[in-house]
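Order of the sequence lines fixes the chain letters, A, B, ..., with proteins taken first and strands second; residue numbering starts at 1 for each chain. FYI, side chains are in, hydrogens and waters are out, and symmetry mates aren't considered; it's all heavy atoms of this structure. Keep in mind it's a predicted model, so treat the numbers as computed, not measured.
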Amino acid sequence: MNIEQHITTATLAAVKHLYGQDLPENQVSLQDTRAEFDGQITIVVFPIVRFSKKSPEITATELGEYLVENIEEVTAFNVIKGFLNLSVADSYWLSLFNQELLSPEFGAIKPNGKKVMVEYSSPNTNKPLHLGHVRNNLLGYSVAELLKASGHEVVKVNLVNDRGIHICKSMLAWQKWGNGETPESSGLKGDHLVGKYYVIFDKEYKKEIEALKEAGQTEEEAKKNAPLILEAQKMLQDWEAGDDAVITLWKTMNSWVYAGFEVSYKNLGVDFDKYYYESNTYLLGKGTVEEGLEKGVFFKKPDGSVWIDLTADGLDQKLVLRADGTSVYITQDLGTAQMKYDDFHMDESIYVVGNEQDYHFKVLFLILEKLGKTWAKGLHHLSYGMVDLPSGKMKSREGTVVDADDLVAEMIETAKQKTEALGKVNDFSEEEKSALYNNIGLGALKYFLLKVEPKKRLLFDPSESIDFQGNTGPFIQYTHARIKSLLNKAGYDAAKGAAEVVITDTEREMIMLLAKYPAEIVAAAKVFSPASLANYLYEVAKMFNKFYHEVPPIVKEEDEALKHHRLNLSAVTAGILKTGMRILGITVPERM
RNA sequence: GCAUCCAUAGCUCAGCUGGAUAGAGCAACGGUUUUCUAAACCGUAGGUCAUAGGUUCGAAUCCUAUUGGGUGUACCA
């Protein structure tokens with residue numbers, strides 16, 4: 001039993017004993033004592049006043065006296081207004097550290113038997129990844145890792161959007177203006193090559209629209225009648241009809257894109273357990289529509305189209321199948337949801353998708369619930385805000401994007417320059433150097449994107465470089481490297497175990513902060529927020545640096561027990577930073 | 001129009017199911033290295049928590065309205 005539980009239980013007993021009342025447990029409100037007061041744990045007594053029928057000060061004093069009397073570890077108290085500040089003996093904090101934090105199992109959370117699917121990335125195969133996709137990938141990956149760390153079994157899934165009119169646009173433009181260009185002949189990465197033709201299509205298409213408008217058509221007419229878009233639509237029909245030439249071209253160009261994505265994914269350090277392809281799943285969902293009609297959840301309009309009426313739920317009527325029997329987006333998603341459940345029987349499923357699809361997922365989940373799918377309540381949409389530039393939204397077809405590969409390369413180059421300027425790793429081999437620059441560059445980028453709460457939109461200014469100082473990835477990486485260096489120099493031997501010493505105020509604060517790590521993981525996983533973990537790790541790193549500066553050089557410490565204890569403290573900190581950053585997908589170097 | 005998200009220091013962000021005098025980083029200014037990595041540490045300065053009401057012993061946090069911004073409201077995906 002930890003001290004918080006101990007205090008809670010004793011408080012209930014105290015209220016019973018002092019006032020003869022049964023205090024509900026949720027009325028015991030504990031918090032960390034603010035730095036300016038004595039003590040470590042504070043009880044907010046206002047809720048208890050209702051039961052004691054005495055003033056906050058008197059209640060707090062009586063409760064304080066009782067707790068000092070009855071809990072061995074509580075050595076003193078003081079009352080400020082309605083706040084009862086308790087001092088807990090240093091010996092308690094030291095033994096907490098020695099017995100729990102020092103244990104090799106610390107931070108490892110037992111499997112909870114729950115299986116959860118995280119679907120993320122889900123790219124279109126007509127263009128390369130940009131910064132928005134980077135946010136998605138990092139978020140999806142780290143949420144999956146976070147869930148694993150908190151005891152879930154996790155399946156990472158990528159549903160590739162490899163079909164549709166947008167793919168045909170790239171294909172058509174390549175056919176017309178590509179002159180047989182390939183990744184090999186051009187030296188371009190496959191996804192970039194295909195993306196190039198997507199941009200060309202848009203340019204030519206716009207020209208045609210302008211020409212038609214000059215010939216007297218309205219904007220709307222021109223958009224529909226432009227020869228290029230008609231050709232693209234024809235191509236999509238041919239594709240669905242199984243036309244050999246189109247299918248061959250599609251396969252060729254898709255393979256270029258996949259080769260390109262593989263490289264980008266590898267650079268970002270993300271991976272998947274299972275890929276689904278829309279070219280295989282786009283016909284799914286019609287069975288679900290039948291099911292819905294039978295159950296009376298859907299209804300048919302006179303023209304034969306199928307709908308669901310969600311007006312009673314504050315939403316609109318929604319089409320689920322066209323009059324000609326072809327599917328729309330939500331039809332497919334109904335079908336793939338069922339398929340994924342049949343494949344994995346997971347307890348929960350998380351869709352990592354931007355917030356522009358909030359409405360879509362609200363509708364999707366509601367429909368599945370109305371269809372009586374018991375698993376529908378385990379579906380979550382992890383909605384995140386867009387990444388915007390100072391100039392506004394990023395648009396692939398207009399070429400106004402921050403390209404993922406370029407950005408990663410830039411970050412690594414910046415890391416290289418900064419590291420070289422500091423000159424601390426001149427003895428590294430070339431491979432070691434390049435691995436280090438990679439870690440630091442990506443660490444800065446990943447932390448930058450992950451430290452912000454997912455649902456907030458993110459402004460990225462390419463002209464301002466991402467920081468390497470302060471609340472950043474490199475700062476935490478640096479702290480880890482610093483600790484490793486210290487442990488090496490001091491000849492740290494973990495096998496020596498615990499040490500009995502007198503701890504300082506900072507050390508006690510440090511122990512309290514480090515002890516929160518497992519709870520932090522669980523809390524962050526519960527709300528799918530790597531950001532809260534990131535901010536916690538920053539606090540840990542800051543705390544260590546404060547400690548490091550305050551305490552005299554540990555390497556030179558003559559009191560062996562004290563020296564060993566401080567190394568223990570450092571080692572536990574390094575362990576938390578390493579596993580915590582690992583969850584964020586960030587590698588911490590041994591030296592930098 | 002309706003729905004939904006956001007608004008905290010010059011900038012970027014924390015602030016948990018309501019708790020004490022709202023915190024960090026960057027930028028600015030000042031200081032710290034013959035001692036374990038200065039990508040660090042210490043300090044100064046910087047706030048009408050968008051606005052107005054309400055609930056409460058207590059509101060940045062909950063409720064309502066207003067303002068400003070994003071997104072959605074497609075027989076596109």
Side-chain angles (χ1 to χ4, degrees), chain A residues 26 29 31 33-34 36-37 42 44-47 49-50 56 80-83 85 122 124 161 163-167 278 282 303 305-307 314-316 318-324 326-330 332-333 354-360 362-363 383 385-386 388 393 415 418-419 421-422 424-425 440 444 448 451-453 455-459 461 464 466-479 481-490 523 526-527 531-532 534-536 538-539 541-542 544-557 566-567 570 591-592:
Chain A
N26 63 15
S29 165
Q31 56 185 257
T33 302
R34 293 178 67 111
E36 59 265 38
F37 304 117
T42 294
V44 184
V45 299
F46 294 107
V49 170
R50 292 213 321 272
I80 314 256
K81 293 193 268 180
F83 299 90
N85 302 321
S122 306
N124 291 331
N161 184 356
R163 172 206 102 81
I165 191 78
H166 52 286
I167 314 276
E278 286 205 9
Y282 78 102
D303 67 354
S305 57
V306 181
W307 295 73
L315 304 173
D316 303 311
K318 180 88 186 168
L319 177 94
V320 294
L321 196 69
R322 293 191 186 102
D324 63 6
T326 57
S327 4
V328 290
Y329 179 34
I330 197 134
Q332 290 179 43
D333 261 11
N355 63 9
E356 70 271 18
Q357 296 202 34
D358 285 356
Y359 183 73
H360 171 76
K362 219 171 171 179
V363 170
S383 166
M386 323 202 137
D388 288 327
K393 232 180 135 169
K418 297 207 186 239
T419 307
L422 291 172
K424 293 179 191 173
V425 294
I440 298 176
F448 174 78
K451 77 171 173 189
V452 181
E453 212 39 59
K455 72 175 167 188
K456 295 220 182 180
R457 70 190 263 266
L458 204 61
L459 191 74
D461 188 345
E464 280 179 40
I466 292 175
D467 277 329
F468 281 62
Q469 282 167 2
N471 187 358
T472 67
F475 168 67
I476 298 172
Q477 291 174 313
Y478 165 78
T479 305
R482 193 182 213 187
I483 296 174
K484 284 302 171 136
S485 159
L486 166 65
L487 296 177
N488 274 333
K489 284 209 172 133
K526 199 172 171 189
V527 294
S532 79
N535 285 299
Y536 169 78
Y538 172 61
E539 293 299 323
K542 234 180 7 171
F544 177 80
N545 283 305
K546 181 185 175 190
F547 159 78
Y548 184 85
H549 275 266
E550 261 182 30
V551 141
I554 297 168
V555 172
K556 299 200 170 74
E557 179 59 57
R566 288 184 173 158
L567 293 174
S570 306
R591 266 187 68 193
M592 67 184 273

P gap between U67(B) and A22(B), integer Å:
30 Å

Would you indicate what Gln31(A) reaches in the nucleic acid, counting non-hydrogen atoms under 4.0 angstrom: base, sugar-phosphate, or nothing?
base

Applying the Watson-Crick and G-U wobble criteria at under 3.5 Å, what pairs with C26(B)? Answer none if nothing qualifies.
G10(B)

Please determine, for G19(B), whether a Watson-Crick or G-U wobble partner exists with both distances under 3.5 Å, and give it or none.
C57(B)

Centroid-centroid distance, Phe547(A) to Phe544(A), less than 6.0 Å:
yes

What integer distance in Å separates Asp358(A):CG from C2(B):C1'?
16 Å

Roughly, in whole Å, what's the span from NZ in Lys455(A) to P in C16(B)?
11 Å

Taking only side-chain N and O atoms of Arg34(A), does any of them lie within less than 4.0 angstrom of OP1 or OP2 on A20(B)?
yes

With rounding to whole Å, what would you report as the distance between U21(B) and C2(B) at their C1' atoms?
43 Å

So which atom in Pro474(A) and which in Ala444(A) form the shortest heavy-atom distance, rounded to 0.1 Å?
CD-CA, 3.6 Å

Give me the distance, rounded to whole Å, that separates G54(B) from A59(B) when you measure between the P atoms they each carry.
12 Å

C1' spacing across the pair A52(B) / C26(B), given as an integer number of angstrom:
34 Å

Given that both distances must come in under 3.5 Å, which nucleotide forms a Watson-Crick or G-U wobble pair with U37(B)?
none

Between Tyr329(A) and His360(A), what is the ring plane arrangement, given parallel below 30°, perpendicular above 60°, and tilted in between?
parallel

Which one is paired to C75(B), where only Watson-Crick or G-U wobble pairs with both distances under 3.5 angstrom count?
none

Separation of A22(B) atom C1' from Glu36(A) atom CD, nearest Å, is 12 Å

Leu458(A) CG to G70(B) C1': how many Å, rounded?
13 Å

Using the P atom on both, measure A50(B) against C11(B) and round to a whole Å.
14 Å

So which one's nearest nucleotide on RNA chain B is more toward 5', Phe83(A) or Leu315(A)?
Leu315(A)

Beyond-backbone contact of Phe475(A) with Asp467(A), side-chain heavy atoms, under 4.5 angstrom:
no

Taking Ala415(A)'s backbone N and O only, do any of them form a donor-acceptor pair with Thr419(A)'s side chain (distance below 3.5 Å, no angle check)?
yes

Which nucleotide, in any strand shown, forms a Watson-Crick or G-U wobble pair with A65(B), with both distances under 3.5 Å?
U51(B)

Rounded to whole angstroms, how far apart are CG on Asn471(A) and P on C13(B)?
12 Å

Would you please test Leu567(A) and Leu486(A) for side-chain contact (heavy atoms from CB on, under 4.5 Å) and show each step?
CA-CA 8 Å; Leu567(A) 293 174; Leu486(A) 166 65; 4.1 Å; yes

Who does U4(B) pair with, Watson-Crick or G-U, both distances under 3.5 Å?
G70(B)

Ser570(A) side chain to Arg566(A) backbone, donor-acceptor under 3.5 Å
yes

Atom C1', compared across U8(B) and C36(B): separation rounded to whole Å:
40 Å

Could you tell me how far apart Phe46(A) (CZ) and A20(B) (C1') are, to the nearest whole angstrom?
8 Å

Return the 5'-most residue of the pair Ser29(A), Leu459(A) with respect to RNA chain B, ranking by each residue's nearest nucleotide.
Leu459(A)

What is the separation between atom OH on Tyr536(A) and atom C1' on C16(B), rounded to the nearest whole Å?
15 Å

Worked verdict on Asn535(A) versus Asn471(A) for side-chain contact (heavy atoms from CB on, under 4.5 Å):
CA-CA 8 Å; Asn535(A) 285 299; Asn471(A) 187 358; 3.7 Å; yes

Under 4.0 Å, counting only non-hydrogen atoms across every strand here, what does Asp333(A) touch: a base, just sugar-phosphate, or nothing?
nothing

How would nucleotides 71-77 of chain B be written as a contact map, 5' to 3', with B for base contact, S for sugar-phosphate-only contact and - for no contact, using protein heavy atoms under 4.0 Å?
SSS-BSB

Do Arg457(A) and Asp388(A) come close enough that some side-chain heavy atom pair is under 4.5 Å?
yes

State whether the side chain of Lys489(A) and the backbone N or O of Val555(A) hold a donor-acceptor pair below 3.5 Å, judged by distance alone.
no

Glu356(A) meets the side chain to side chain contact (heavy atoms under 4.5 Å, CB included) criterion, sequence neighbours left out, with Met386(A)

Please encode protein proximity along nucleotides 28-42 of chain B as a string of B, S and -, counting only heavy-atom distances under 4.0 Å.
-------BBBSBBSS

Would you say A7(B) has OP1 or OP2 under 4.0 Å from some side-chain N or O of Lys456(A)?
yes

Using the C1' atom on both, measure U48(B) against C42(B) and round to a whole Å.
31 Å

A20(B) base stacked by Phe37(A) (centroids within less than 5.5 Å, tilt under 30°):
yes

Any Lys362(A) side-chain N or O less than 4.0 Å from OP1/OP2 of A3(B)
no

Could you measure between the two C1' atoms, the one in U73(B) and the one in U61(B), and give it in whole Å?
30 Å

Separation of G15(B) P from Lys451(A) NZ (nearest whole Å):
13 Å

Check for a donor-acceptor pair, side chain of Arg482(A) on one end and backbone N or O of Asn545(A) on the other, with a separation under 3.5 Å.
no

